[in-house]
Number of protein chains: 2
Amino acid sequence: MQLSKTFDYAIRSLVYLAKLPEGQAAELRAISLSQSVPMSYLAKVMRHLVRGGLVTSILGRDGGYSLRKKPRDITLLQVYEIMEGELRFVECMENDRNCSLFNGCTQAPVWRRLRQAVESIFRETTLADLLPKNAGESVPTPIKESGYARAGA
Amino acid sequence: MQLSKTFDYAIRSLVYLAKLPEGQAAELRAISLSQSVPMSYLAKVMRHLVRGGLVTSILGRDGGYSLRKKPRDITLLQVYEIMEGELRFVECMENDRNCSLFNGCTQAPVWRRLRQAVESIFRETTLADLLPKNAGESVPTPIKESGYARAGA
DNA sequence: CAATCGTGGATATCTTGTGTCCACAATTGA
DNA sequence: TCAATTGTGGACACAAGATATCCACGATTG
């Protein structure tokens, strides 16, 4: 019943990008430092987001990442499905190979209700909802300079 | 975002007990066979339920387990908390050691909303809701005799 | 050409869920 | 009283998945 760090990393990175001035890109190291997320791992996360169509990557010098949509148009459900795949709570969410054999799977309706609840929250929450209200200040400062942002090149 | 098998085992075992005639006990092997759950692992699950106060265990010969409350009085939330502890989706659900430092943890409200949703579903669903409506037949039959119910003594 | 930056994938590590095993205590019936 | 049965407790083993690391490579720009 835990959300993965990967999912959390993805969200926070997207929020970071959303805070940038329109059209501006941020490079991996900057995101990594600001979130205290290992750079080489963040790279993998970002690749998912790129393939998922939420983020554009710019190769080469002065490259980086930038949002491909308005924050209002990026829902947590999209992010979740890109990072984790379809939302499910048990193995046999739809197909009943095992459970229905025993008791007609009386808990299946509960899992469905559960998914609907979570799904609708995820669908209704967009990146825009995660932007700090009172913040015009552009970029948050990292806590520690050391540790991260070292590998990869 | 997955529920553990352990939680599922617990629920199914409780449902099994709930189906028994009032006051009757079932032994470990019977539950294990009916659910195709490894007996030695089920033992551990049952211990949790005993300590959690949902189930009574009877030692010695002709021992077994039986429900300690009416199915209507056992909620999924109780079962969850007994098996998994407090319901949480991220590390820092209440205490904010890390996230608030960066962005005031704008996602925390989302996680809270999420928890409330799940929690209320769990709280409103009782064992009674998981009993098959049309079933007077006492005990479901196992699929395969082999494999489980062998270890332990 | 050289420096920068993201890509891709193989690999390593760590954690946790899941499962196993065995000695032991309690209970009951012969 | 003895032996069989049944749950208890904890140590241990195993597997899978999340998390992290590394390195060779392609793209881009000055």
Side-chain angles (χ1 to χ4, degrees), chain A residues 1-10 12-13 17 24-33 35-52 55-66 68 80 83-85 88-91 98 147-153, chain B residues 1-10 12-13 17 24-33 35-52 54-66 68 80 83-85 88-91 147-153:
Chain A
M1 214 53 189
Q2 284 256 127
L3 293 167
S4 69
K5 284 190 183 184
T6 309
F7 181 47
D8 191 55
Y9 291 167
R12 279 157 52 186
S13 301
L17 294 182
Q24 183 168 331
E27 58 185 55
L28 200 52
R29 190 185 315 133
I31 308 177
S32 163
L33 282 173
Q35 314 289 52
S36 294
V37 172
M39 200 167 130
S40 46
Y41 192 63
L42 229 208
K44 194 179 296 186
V45 173
M46 295 310 290
R47 253 178 276 151
H48 273 274
L49 295 178
V50 169
R51 289 184 190 159
V55 160
T56 308
S57 71
I58 304 168
L59 282 183
R61 188 175 165 151
D62 294 325
Y65 301 94
S66 60
R68 207 164 171 179
Y80 185 91
M83 301 306 297
E84 316 267 6
R88 72 171 49 183
F89 292 94
V90 292
E91 271 304 317
N98 275 320
Y148 301 106
R150 194 162 11 93
Chain B
M1 213 55 189
Q2 284 255 126
L3 293 167
S4 69
K5 285 190 182 183
T6 310
F7 180 48
D8 191 56
Y9 291 167
R12 278 159 51 187
S13 300
L17 294 181
Q24 183 169 332
E27 59 185 57
L28 199 53
R29 190 185 316 132
I31 309 177
S32 163
L33 281 173
Q35 314 289 53
S36 294
V37 172
M39 199 169 131
S40 46
Y41 192 63
L42 229 207
K44 195 180 297 186
V45 173
M46 296 310 291
R47 255 178 275 151
H48 274 274
L49 296 178
V50 169
R51 289 184 191 159
L54 298 187
V55 160
T56 307
S57 71
I58 305 167
L59 280 183
R61 189 176 165 150
D62 293 328
Y65 301 93
S66 60
R68 208 164 172 180
Y80 185 92
M83 302 307 296
E84 316 267 5
R88 72 170 52 184
F89 292 94
V90 292
E91 272 303 319
Y148 301 105
R150 193 160 13 92

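By convention in this document, chain letters (A, B, ...) are assigned in the order of the sequence lines, proteins followed by strands, and residues within each chain are numbered from 1.
- Sequence order on DNA chain D of the closest nucleotides to S4(A) and G63(B) puts G63(B) first from the 5' end.
- Among residues two or more places apart in sequence or in another chain, the side chain to side chain donor-acceptor pair (under 3.5 Å) test is passed with S4(B) by E84(B).
- Within 4.0 Å of F7(B), counting heavy atoms only, lies no atom of the nucleic acid at all.
- With rounding to whole Å, Y80(B) atom OH is found 13 Å from dG17(C) atom C1'.
- Rounded to an integer number of Å, the gap from NZ of K5(B) to C1' of dG17(C) is 9 Å.
- Atom pair Y41(A):OH and dC23(D):P shows a separation of 20 Å (rounding to whole Å applied).
- Distance L42(A) CG to dC5(C) P: 15 Å, rounded to the nearest Å.
- Residues meeting the side chain to side chain donor-acceptor pair (under 3.5 Å) test with Y41(B), sequence neighbours left out: T6(B).
- Between L42(B) and L28(B) there is a side-chain heavy-atom pair separated by less than 4.5 Å.
- The shortest heavy-atom contact between S57(B) and V50(B) is CB-CG2, 3.9 Å.
- Protein atom CZ of F89(A) is 18 Å distant from nucleotide atom C1' of dG17(C), rounded to whole Å.
- Under 4.0 angstrom from either OP1 or OP2 of dT19(D) there lies at least one side-chain N or O belonging to T6(A).
- Taking atom CD of residue Q35(B) and atom P of nucleotide dG19(C), one finds them 14 Å apart after rounding to whole Å.
- The side chain of Y65(B) places no N or O atom within less than 4.0 Å of a non-bridging phosphate oxygen (OP1 or OP2) of dT6(D).
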Any N/O pairs under 3.5 Å between the protein and nucleotides 28-30 of chain D? List them or say none.
unit_1	atom_1	unit_2	atom_2	d
dT28(D)	O2	R61(A)	N	3.3

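- Note that CE of M39(A) and CG of L33(A) are 8.5 Å apart. Values are rounded to the nearest 0.5 Å.
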All N/O contacts under 3.5 Å from nucleotides 9-13 of chain D to the protein, with atom names and distances to one decimal?
unit_1	atom_1	unit_2	atom_2	d
dG9(D)	OP2	R51(B)	NH2	3.2
dG9(D)	N7	R47(B)	NH1	3.3
dG9(D)	N7	R47(B)	NH2	3.1

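- Atom CG of L28(B) and atom P of dG19(C) are 14 Å apart (whole Å).
- Taking atom CG of residue L3(A) and atom P of nucleotide dG17(D), one finds them 18 Å apart after rounding to whole Å.
- Close to dT7(C), at under 4.0 Å from its OP1 or OP2, lies a side-chain N or O of S57(A).
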Self-check item: side-chain contact (heavy atoms from CB on, under 4.5 Å) assessment of M1(B) paired with Y80(A)
Solution: CA-CA 10 Å; M1(B) 213 55 189; Y80(A) 185 91; 2.9 Å; yes
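- Taking the side-chain contact (heavy atoms from CB on, under 4.5 Å) definition, one finds that A26(B) meets it with Y16(B), L17(B), L20(B), I31(B), sequence neighbours left out.
- Nearest nucleotide to the E27(B) side chain, out of dT6(D), dT7(C), dG19(C): dT6(D).
- Using modelled atom types, no side-chain atom of S32(B) and backbone atom of P38(B) make a donor-acceptor pair closer than 3.5 Å.
- In this structure, R88(B) contributes its side chain and E91(B) its backbone to a donor-acceptor pair below 3.5 Å.
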